[in-house]
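Proteins get letters first, then strands, A, B, ... in listed order; numbering begins at 1 in each.
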There are 2 protein chains.
Amino acid sequence: MSTQDTRSWQSIHQEVLRRINDRIWRPGEFIPNEAELAEEFGCARATVNRALRELADAGYLDRRRKAGTRVALHPVRKATLDIPIIRLDVEQRGAAYGYSLIELVRTSPPVRIRSRLRLQDGVEMLHIRALHLANGHPYAYEDRWVNPTAVPDILSADLSAISANEWLVRNATFTRGDIAFSATNAGPVEAEMLSVPEGAALFVVERTTWMRGVPITSVLIAYAPGHRMHTTL
Amino acid sequence: MSTQDTRSWQSIHQEVLRRINDRIWRPGEFIPNEAELAEEFGCARATVNRALRELADAGYLDRRRKAGTRVALHPVRKATLDIPIIRLDVEQRGAAYGYSLIELVRTSPPVRIRSRLRLQDGVEMLHIRALHLANGHPYAYEDRWVNPTAVPDILSADLSAISANEWLVRNATFTRGDIAFSATNAGPVEAEMLSVPEGAALFVVERTTWMRGVPITSVLIAYAPGHRMHTTL
DNA sequence: CAGTGGTCTAGACCACAAG
DNA sequence: TTGTGGTCTAGACCACTGG
């Protein structure tokens, strides 16, 4: 209640969050403005601003000029997922990573891929199919299309030694990406690749990336049954 | 190259990002320190700091005192996922939302739930099973355990009218949460609930939340086949 | 119009870690 | 020890938007 001698923005961040969690400031309710809080906490307004801005970014507060700051009605929690190199993913689980290139051809992509990448027809792309292994067992099956126009250097990379996944992460940054997660029953191809029965439930990640509007790659990764993608809120 | 008259931190953010994407500053390479950049851009050091801090938070830069600032080796991209109320999720897809409470009992949870929540045995919890509908069709099957000690008010809520999902989002904030995504084959129960054949691949979300170490709820949500969780990078 | 948050400044001191 | 980022301040002006 009384004036605190907290002086860092972290302290203010913590104290404001406490008041939200303890429902001292309830969802939808206005909280004091920056000047008032600065006085209460005995600090500059910029310090309060920093604390409240972080809380607003995290979804705890809604801030609007003139209107003021209020506690968010639905504290929208955001989970952040890293987009890792599969090799690191495997190694982090304490397993030995293996990689096997199955197919690497330059050909014309199917309509599904063309439309997803918004490419004209007749364009040739690199089609890569590969298997990622953990302790010698199938871990994930990767089916990828790469636009060689966007990353010509990949044509001279040894994709039997380094996975396209890893090569691209290291050598091709992107400005925009779409990612989708879903579940699918293993078809004949996936079943054989992952050594599982047809129909097994597979966790699937589809990702497409662009660099300033130029499509780089579109990939589908099907994980062996039992795979869990985990994170913290 | 020459001094720019950009004066906002957003401009500096944009320009630094451009230099990273154009590989003017390459991964692992040091960039000028804040004072030098402030001079180049003709602004205060605090303004540069703001821009670089945002880029570091986004994973583009690595910053360390004394050492300096360098371009991140593996630009770890983070996908942020909202944790929505299922009703809003359905409505956003343009469908009419429906909800059906299947079971609501107070009983002792199985070991699997107890250990996940780190609860003593003998504790009674609320077990809720429900079906979420979109345009009258099964959308997701929810199997939830709630710790009534953490949220006693839920005992007086009408969980046949409002889903536990929504009630908890509105009334019980949490300080920590685990979330996991996976795929599973529909068992007899899920198959019946979702009106799909046994063995169908289901997208599964498991979420557990705590408030200052006190477990609130643990829920498993199995989505009907075809469900896709989508986001942008 | 006026109140609120958003941003910028010039300067200062501090915390950390590399050499 | 010393150079770097991290933070705080007091003040100022601006941008947006509610009343």
Side-chain angles (χ1 to χ4, degrees), chain A residues 3-20 24-76, chain B residues 3-20 25-73 75-76:
Chain A
T3 299
Q4 311 228 351
D5 240 356
T6 46
R7 298 207 147 268
S8 69
W9 70 265
Q10 287 99 332
S11 311
I12 296 171
H13 182 282
Q14 186 179 11
E15 171 61 12
V16 171
L17 191 51
R18 188 192 67 79
R19 293 184 189 181
I20 293 171
I24 294 170
W25 291 333
R26 300 178 161 272
E29 197 174 301
F30 282 100
I31 75 173
N33 67 30
E34 294 189 347
E36 290 165 344
L37 288 174
E39 191 181 8
E40 182 194 347
F41 291 115
C43 66
R45 183 167 77 92
T47 306
V48 172
N49 180 276
R50 172 77 188 270
L52 297 190
R53 179 160 44 76
E54 301 260 340
L55 286 165
D57 287 346
Y60 290 103
L61 295 175
D62 282 334
R63 318 195 74 195
R64 281 157 65 196
R65 285 163 150 122
K66 167 71 179 176
T69 299
R70 59 172 71 193
V71 180
L73 274 175
H74 308 304
V76 179
Chain B
T3 299
Q4 310 229 354
D5 242 354
T6 46
R7 300 208 146 267
S8 70
W9 71 265
Q10 286 100 333
S11 310
I12 296 171
H13 182 281
Q14 186 179 12
E15 170 61 13
V16 171
L17 191 51
R18 188 191 69 77
R19 294 183 189 181
I20 294 171
W25 291 334
R26 300 179 160 274
E29 198 175 298
F30 282 100
I31 75 173
N33 67 31
E34 294 188 347
E36 291 165 344
L37 289 174
E39 191 181 8
E40 182 195 344
F41 291 114
C43 66
R45 183 167 78 90
T47 306
V48 172
N49 179 277
R50 172 77 190 269
L52 297 189
R53 179 161 43 78
E54 302 260 341
L55 286 166
D57 286 348
Y60 290 104
L61 295 175
D62 281 334
R63 318 194 73 195
R64 282 158 66 195
R65 284 164 151 122
K66 168 70 180 176
T69 299
R70 59 172 70 193
V71 180
L73 275 175
V76 179

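Arg45(B) comes within contact range of at least one nucleobase, with a heavy-atom separation under 4.0 Å. Note on Gln10(A): only backbone sugar-phosphate atoms sit closer than 4.0 angstrom, heavy atoms only; bases stay farther off.
The shortest distance between side-chain heavy atoms of Leu73(A) and Asp62(A) does not fall below 4.5 Å. Within the 4.5 Å cutoff, side-chain heavy atoms of Glu15(B) are placed close to those of Arg19(B). In this structure, the side chains of Ile31(B) and Leu52(B) come closer than 4.5 Å at one or more pairs of heavy atoms.
Between Pro32(B) and Arg64(A), the residue whose closest nucleotide on DNA chain D is further toward the 5' end is Pro32(B).
Arg63(B) and Glu34(B) are joined by a salt bridge, as a carboxylate oxygen and a charged side-chain nitrogen come within less than 4.0 angstrom of each other.
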Filtered N/O pairs between nucleotides 1-3 of chain C and protein, under 3.5 Å:
from: dG3(C); atom 1: O4'; to: Lys66(A); atom 2: NZ; distance (Å): 3.3
from: dG3(C); atom 1: N2; to: Lys66(A); atom 2: N; distance (Å): 3.4

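Close approach of DNA chain D to chain B, defined as any atom under 4.0 Å from a non-hydrogen atom of the protein, starts and stops at dT2(D) to dT7(D).
Judged purely by atom type and a 3.5 angstrom limit, Glu36(A) uses its side chain to pair as donor or acceptor with the backbone of Asn33(A).
Rounded to whole angstrom, the span from the CG atom of Leu61(A) across to the P atom of dT4(C) amounts to 16 Å. Residue Arg63(B) contributes atom CZ, which lies 15 Å from atom P of dA18(C) at whole-angstrom precision.
Ile12(A) approaches Ala51(A) most closely through the heavy-atom pair CG2-CB, 3.7 Å. Shown here for Gly59(A) and Ala72(A), the closest heavy-atom pair between the two residues is O-CB, 3.3 Å.
A search for side-chain contact (heavy atoms from CB on, under 4.5 Å) contacts involving Arg26(A) returns Arg23(A), Glu29(A), not counting sequence neighbours.
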